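A short write-up of the structure that comes next.
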Amino acid sequence: MSKTDVIIVGGGISGLSALHFLRHHKAYLNVRLYEADTRLGGTIGTDRIEGYSFDWGPNGFLDREPLTLQMCEELGLNGDLERANENVSNRFILRKGGLCSVPMSPPRFMMSNILSWPGKFRLLFEPIAKSRPEGDESIYDFVKRRIGREAADYLVQPMVSGVYGGMADRLSLASCFPVMREMEDEYGSLFKAMIAKARKAKAEGKKGGGPSGPGGWLTSFNGGLYRLIERFEEFYDQHITTGRPVQSVAKDGDNFVVGFADGETERTRNLILSQPAHLVSKVVADMSPRLSDTLAEIRYAPISVVCLGYDTSQIRTSTDGFGFLVPAKEERGILGSIWTSSIFNQRAPEGKVQFRTMVGGDGDHDSVKLTDDELLSRVKADMADILGISGEPEMVKIYRWTHGIPQFLIGHADRMKTVETELKAIGNLFVTGNAYYGIGLNDCVKQSYRVATSLS
Ligand SMILES: Cc1cc2nc3c(=O)[nH]c(=O)nc-3n(C[C@H](O)[C@H](O)[C@H](O)COP(=O)(O)OP(=O)(O)OC[C@H]3O[C@@H](n4cnc5c(N)ncnc54)[C@H](O)[C@@H]3O)c2cc1C
């Protein structure tokens with residue numbers, strides 16, 4: 001039986017960035033990463049077909065996390081970084097069947113038809129909203145309390161389904177958008193907090209946030225996000241074994257015994273589990289039933305990504321922008337669509353366009369049962385209606401994620417406390433991934449950094 005200082009299970013961005021930070025900060029430790037699949041990347045993948053470049057899952061990250069940028073630099077990827085085009089600030093929300101531009105300034109907001117006049121009027125009462133009830137409040141309840149039901153339905157629910165594939169009335173505000181809660185705590189009003197923050201940024205000479213959110217600009221790599229994974233592979237090949245699923249994990253004294261399908265085992269002092277939480281739950285069941293049960297409670301929303309390629313002559317509506325989101329109230333079969341070839345260059349051949357449409361989410365678990373044909377006809381019908389598309393797409397790629405995005409449901413913070421307590425009790429066992437403290441690539445990198453630098 002061989003012995004290692006650190007074993008990392010899982011070769012998605014979380015496991016790979018943990019490996020990277022260990023090599024950079026703890027180079028004296030002997031590290032091995034085991035990936036079940038024959039390829040690395042987890043949900044990150046890019047297919048390059050006939051001039052199209054299709055991302056399987058994520059299509060970018062916000063350039064606001066220094067650790068991600070530092071990692072890219074250390075991997076020699078700075079020259080390959082691709083910032084989204086300026087037009088990504090054009091974003092749309094579907095309302096009464098038509099696309100409404102998301103206004104980026106208060107005067108434009110007042111003139112837009114994204115909310116009705118009573119809905120806009122209700123916003124004025126934000127500074128005197130009722131105070132927060134006890135306990136973990138849902139995103140929907142928070143927004144309804146502060147700026148009204150219509151804003152919750154037409155501004156926030158679509159944003160929540162676009163980011164989390166989630167339902168705003170089920171997700172915890174404190175776990176999904178802690179900054180909003182902090183703003184309320186500190187200033188007593190979101191508007192007051194926004195004004196104070198804008199003044200502070202101006203005084204410090206800082207620019208405001210990009211169109212992708214506060215302080216972040218959507219960024220990828222030339223040719224698609226998989227470039228990042230290819231680079232990890234080039235750098236760390238000698239530390240990685242693919243096609244080798246970890247089947248069991250047990251504690252033996254100060255060590256862990258990691259078991260593989262062929263009956264072989266390996267001992268390690270430290271163990272980092274970066275597979276999705278529902279799979280971590282299975283391997284830790286014997287070591288800690290409480291940890292296993294808590295991890296099993298983290299629900300995942302299914303997401304299907306339907307990528308379609310068309311000739312530009314088939315599209316009647318302008319698709320100069322980021323794309324559109326669909327409020328649940330509109331009762332469509334899709335969550336929204338990203339206009340990939342408008343956002344990044346070289347995602348479609350000259351004269352063609354690529355759209356990535358999302359189906360599913362926590363409000364539509366049945367969508368995973370759809371056949372490819374059913375999924376495609378649902379997407380084509382909505383896209384034809386909303387964008388005025390005529391004819392058939394010339395290119396179709398479908399990527400299905402039955403466990404797409406973890407949901408930070410009400411009570412998530414308490415679950416995380418239990419997870420931390422149980423991990424500590426076992427000792428030298430770590431988890432990293434998108435199911436714990438944030439679902440984005442930056443969150444995964446940040447958590448992996450924390451884990452890697454805490455090892456000895
Ligand atoms: C459709 C979609 C779109 C998204 N868009 C964005 C976006 O634009 N921007 C963004 O920041 N985030 C986005 N996300 C979220 C982001 O993709 C994830 O947070 C991130 O990729 C998760 O990485 P991970 O390494 O934690 O998990 P995963 O990518 O799931 O990797 C886990 C790895 O563990 C391996 N594994 C499982 N079991 C075992 C085992 N027993 N032994 C060994 N290996 C095992 C798996 O094969 C897999 O490779 C998106 C997610 C989805 C699904």
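Predicted model, so just to flag it, every value in this text is computed and none were measured. Just follow the structure's listing: the first ligand is 1, and inside any ligand the first atom is 1. What you see below is based on every heavy atom in this structure, not just the backbone, and it leaves out hydrogens, waters and symmetry mates.
With sequence neighbours left out, Asp443 forms a salt bridge (Lys or Arg N to Asp or Glu O under 4.0 Å) with no residue at all. Residues meeting the side chain to side chain donor-acceptor pair (under 3.5 Å) test with Thr432, sequence neighbours left out: Ser448.
By the 3.5 Å distance cut-off applied to N or O atoms, Cys444 is not counted among the residues near ligand 1. Taking any N or O of Trp56, backbone or side chain, none lies under 3.5 Å from an N or O belonging to ligand 1. Ligand 1 has an N or O atom lying under 3.5 Å from an N or O atom of Ala36, backbone or side chain.
Of all the heavy atoms of Tyr399, none lies under 4.0 Å from any atom of ligand 1, so neither backbone nor side chain is involved. Under 4.0 angstrom from ligand 1, the non-hydrogen atoms of Ile439 all belong to its backbone. Residue-level proximity to ligand 1 for Asn434 is carried by backbone and side chain together, each with a heavy atom below 4.0 angstrom.
A ring-centre distance under 6.0 Å is found for Trp339 and Phe92.
In summary, Glu184 and Arg181 do not engage in a salt bridge, as defined by a charged side-chain N under 4.0 Å from a carboxylate O. Electrostatic pairing of Arg95 and Glu330 does not count as a salt bridge here, judged by no charged N lying under 4.0 Å from a carboxylate O.
Nearest to atom 53 (C) of ligand 1 by heavy-atom distance, out of Ala18, Gly404, Gly438, is Gly404.
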